[in-house]
Peer 1: 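Please read through the structure below; I'll follow up with questions.
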Protein chains: 2
Amino acid sequence: MARTKDFDEAEVLNKALCLFWHKGYNGTSMQELVDHLGISRSSLYDTYADKHSLYIKSLEFYQNNSRHKMDDIAANATSAKEAITQLFTLMTTELLTDDQQKGCFIVNSEVELAPHDPEVRLIIRRNESQIEDILVAVIQKGQESGEIANKQDARAIARFIFNAVKGMRVSAKLTTDKAFFNDIIKITLSVLD
Amino acid sequence: MARTKDFDEAEVLNKALCLFWHKGYNGTSMQELVDHLGISRSSLYDTYADKHSLYIKSLEFYQNNSRHKMDDIAANATSAKEAITQLFTLMTTELLTDDQQKGCFIVNSEVELAPHDPEVRLIIRRNESQIEDILVAVIQKGQESGEIANKQDARAIARFIFNAVKGMRVSAKLTTDKAFFNDIIKITLSVLD
DNA sequence: ATCAAAATCCTTAGTTCTTGCCATGCCAGA
DNA sequence: TCTGGCATGGCAAGAACTAAGGATTTTGAT
């Protein structure tokens, strides 16, 4: 028995996410958010409580999206190696085609806030283990079918792979040189042979 | 014909570096710096001009220190593999023994400021190529002596190695679990065989 | 030796702008 | 009609930086 919201919450959240992603938590002011979200200051505070809550919601939004993408690939790929290759290309194209060079929002949050912010830490830890588990499952399947070299522990390989991705997500802040990333990807994937 | 400085500029710069390293550029206020550096506000501004200049000087200071450490290892190691192993242990122990979990100051700067700050970008690019060159030299020597597998391009291997280090420097913000890092290091180094 | 000048030191206060957040009041819709 | 979204203006604190004033230490000229 009250007025309905004029805006789409998810849509606005996505805009907030883009700003935080691009400029970081401390680098983004509430005024900037007000200017870019298309809603008023009061609506912003009514809907998302305060700056920190808005950031947390943005981070969770981003994390869910990227996990779903990975899940899809893992579920639909025909082979383990293809799955991993697809995951790599998914992430790198996302990194390299962004002319703002925002990198990865989770890595950004991890570097800027993880040591100081328990809530951020919790989300990133959850993300970490989810991604790791997805990779472990894929790798184990590949090892059972003989597609992937069996000599290393699957979890160790998963951590190794994910670590390489993290490195590239940092480098994407500085360069978009494809040759640079191809060098890294080629050798990283060679471990699976 | 004037009074000499009472404090050691490098020492104070190191304190500033520690603050920026721990809390980032936007997360550190001038008031905090005044409180922790042991010199007065006016001395701070007289000596280092402004906040941004102080940050740049801190970054250059850090970059020079870490490069010198790497140079020493590269120059004194008896073999290529030993050099790389030493570089890895140098960096990881530095990362894992820090109870503040500051990570790597260059990676932190790259993530927080590189897309927005041309001066920071320049310093990090220089660092990038210097480290890469050190690694290339070590790897080439190892390949010539047959100690390192020759099948891959030396620069590609260098980029791969450095990329793995970057990944770990991000993860160090969240965890200090040695088993986690050992998994990554073991597989990363296996590429050299 | 003495004194003036220059450069450093510190304290304190102030300026200006931005920060995150809130209180009031109006208005739309169930 | 009355709940809740929306717009406006404002507030207290914090941001970076500056200015004023006095004390101290070094140098060079007298």
Side-chain angles (χ1 to χ4, degrees), chain A residues 1-61 105 108-109 112-113 116-120, chain B residues 1-60 108-109 112-113 116-120:
Chain A
M1 50 165 144
R3 182 174 173 178
T4 53
K5 271 200 197 307
D6 282 8
F7 59 91
D8 178 13
E9 271 193 57
E11 196 180 310
V12 170
L13 191 60
N14 195 55
K15 285 184 189 168
L17 159 63
C18 279
L19 264 182
F20 281 133
W21 190 358
H22 182 44
K23 314 189 68 176
Y25 180 76
N26 288 314
T28 308
S29 73
M30 286 304 273
Q31 189 56 47
E32 274 179 291
L33 288 161
V34 170
D35 291 342
H36 288 84
L37 297 197
I39 64 174
S40 75
R41 213 177 183 76
S42 56
S43 300
L44 212 174
Y45 277 98
D46 282 350
T47 311
Y48 307 99
D50 55 22
K51 186 186 181 186
H52 189 261
S53 303
L54 178 57
Y55 188 87
I56 295 292
K57 281 170 185 141
S58 302
L59 187 56
E60 281 171 336
F61 187 70
F105 188 42
N108 296 0
S109 303
E112 186 186 5
L113 301 177
H116 315 289
D117 191 321
E119 287 187 70
V120 169
Chain B
M1 52 163 142
R3 182 175 171 176
T4 54
K5 272 205 193 306
D6 281 7
F7 60 91
D8 179 8
E9 271 193 58
E11 196 180 311
V12 170
L13 192 60
N14 195 55
K15 285 183 188 169
L17 159 62
C18 279
L19 263 182
F20 282 133
W21 190 357
H22 182 45
K23 315 190 66 176
Y25 180 76
N26 288 313
T28 307
S29 73
M30 286 304 274
Q31 189 55 51
E32 274 179 290
L33 288 161
V34 170
D35 292 341
H36 288 85
L37 296 197
I39 62 173
S40 75
R41 201 174 194 78
S42 57
S43 299
L44 212 176
Y45 277 97
D46 280 352
T47 311
Y48 306 100
D50 55 23
K51 187 187 179 184
H52 189 262
S53 302
L54 178 58
Y55 188 88
I56 295 292
K57 280 170 188 143
S58 302
L59 187 56
E60 282 172 335
N108 297 0
S109 303
E112 186 186 7
L113 301 177
H116 315 288
D117 191 321
E119 286 186 71
V120 169

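The figures that follow rest on heavy atoms only: side chains count, while hydrogens, waters and symmetry mates do not.
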Peer 1: I need the NZ-C1' distance between B:K51 and D:dA15, as an integer number of Å.
Peer 2: 8 Å
Peer 1: Once you round it to whole Å, what is the distance between P of D:dA15 and OH of B:Y25?
Peer 2: 13 Å
Peer 1: Quick one: pull up OG in B:S40 and OH in B:Y45 and give me the separation to the nearest 0.5 Å.
Peer 2: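 Going from OG on B:S40 over to OH on B:Y45, the span is 11.5 Å.
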Peer 1: Report the distance from atom OH of A:Y45 to atom P of D:dA7, rounded to the nearest whole Å.
Peer 2: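 That distance rounds to 16 Å.
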Peer 1: When you match A:A49 and A:S29 each to their closest nucleotide on DNA chain C, which lands nearer the 5' end?
Peer 2: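 Final value for this comparison: A:S29.
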Peer 1: Which distance, rounded to the nearest 0.5 Å, do you find between the CD of A:E11 and the CG of A:L13?
Peer 2: 11.0 Å
Peer 1: Return the polar atom pairs (N/O with N/O) between nucleotides 9-12 of chain C and the protein under 3.5 Å, or none.
Peer 2:
from: C:dC10; atom 1: OP2; to: B:S40; atom 2: N; distance (Å): 3.2
from: C:dC10; atom 1: OP2; to: B:S40; atom 2: OG; distance (Å): 2.9
from: C:dC10; atom 1: OP2; to: B:S43; atom 2: OG; distance (Å): 2.4
from: C:dC10; atom 1: N4; to: B:S42; atom 2: OG; distance (Å): 3.4

Peer 1: Just wondering, do B:Y55 and B:L113 contact through their side chains at under 4.5 Å, heavy atoms?
Peer 2: yes
Peer 1: Take atom CE of A:M30 and atom P of D:dC11, then tell me their distance rounded to the nearest Å.
Peer 2: 20 Å
Peer 1: Return the set of residues passing ring-ring contact (aromatic ring centres under 6.0 Å, His included) with B:H116 (not counting sequence neighbours), or none when no residue passes.
Peer 2: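 ring-ring contact (aromatic ring centres under 6.0 Å, His included) list for B:H116, sorted by chain: A:H22.
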Peer 1: Write down the distance between CD (B:Q31) and P (C:dA13), rounded to a whole number of angstrom.
Peer 2: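 Value for this atom pair: 14 Å.
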Peer 1: Give, for atom CH2 of B:W21 and atom CG of B:L59, the distance between the pair rounded to the nearest 0.5 Å.
Peer 2: 11.5 Å
Peer 1: Return all side-chain donor-acceptor pairs below 3.5 angstrom for residues 47-54 of chain B, not counting sequence neighbours, or 'none' if the list is empty.
Peer 2:
from: B:T47; atom 1: OG1; to: B:K5; atom 2: NZ; distance (Å): 3.4
from: B:T47; atom 1: OG1; to: B:S43; atom 2: O; distance (Å): 2.7
from: B:Y48; atom 1: OH; to: B:E9; atom 2: O; distance (Å): 3.0
from: B:D50; atom 1: OD1; to: B:S53; atom 2: N; distance (Å): 2.9
from: B:D50; atom 1: OD1; to: B:S53; atom 2: OG; distance (Å): 2.7
from: B:K51; atom 1: NZ; to: B:Y25; atom 2: O; distance (Å): 3.0
from: B:K51; atom 1: NZ; to: B:T28; atom 2: O; distance (Å): 2.7
from: B:H52; atom 1: NE2; to: B:D117; atom 2: OD2; distance (Å): 2.5

Peer 1: Distance check needed: C:dG20 C1' versus A:E32 CD, whole Å only.
Peer 2: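 Value for this atom pair: 13 Å.
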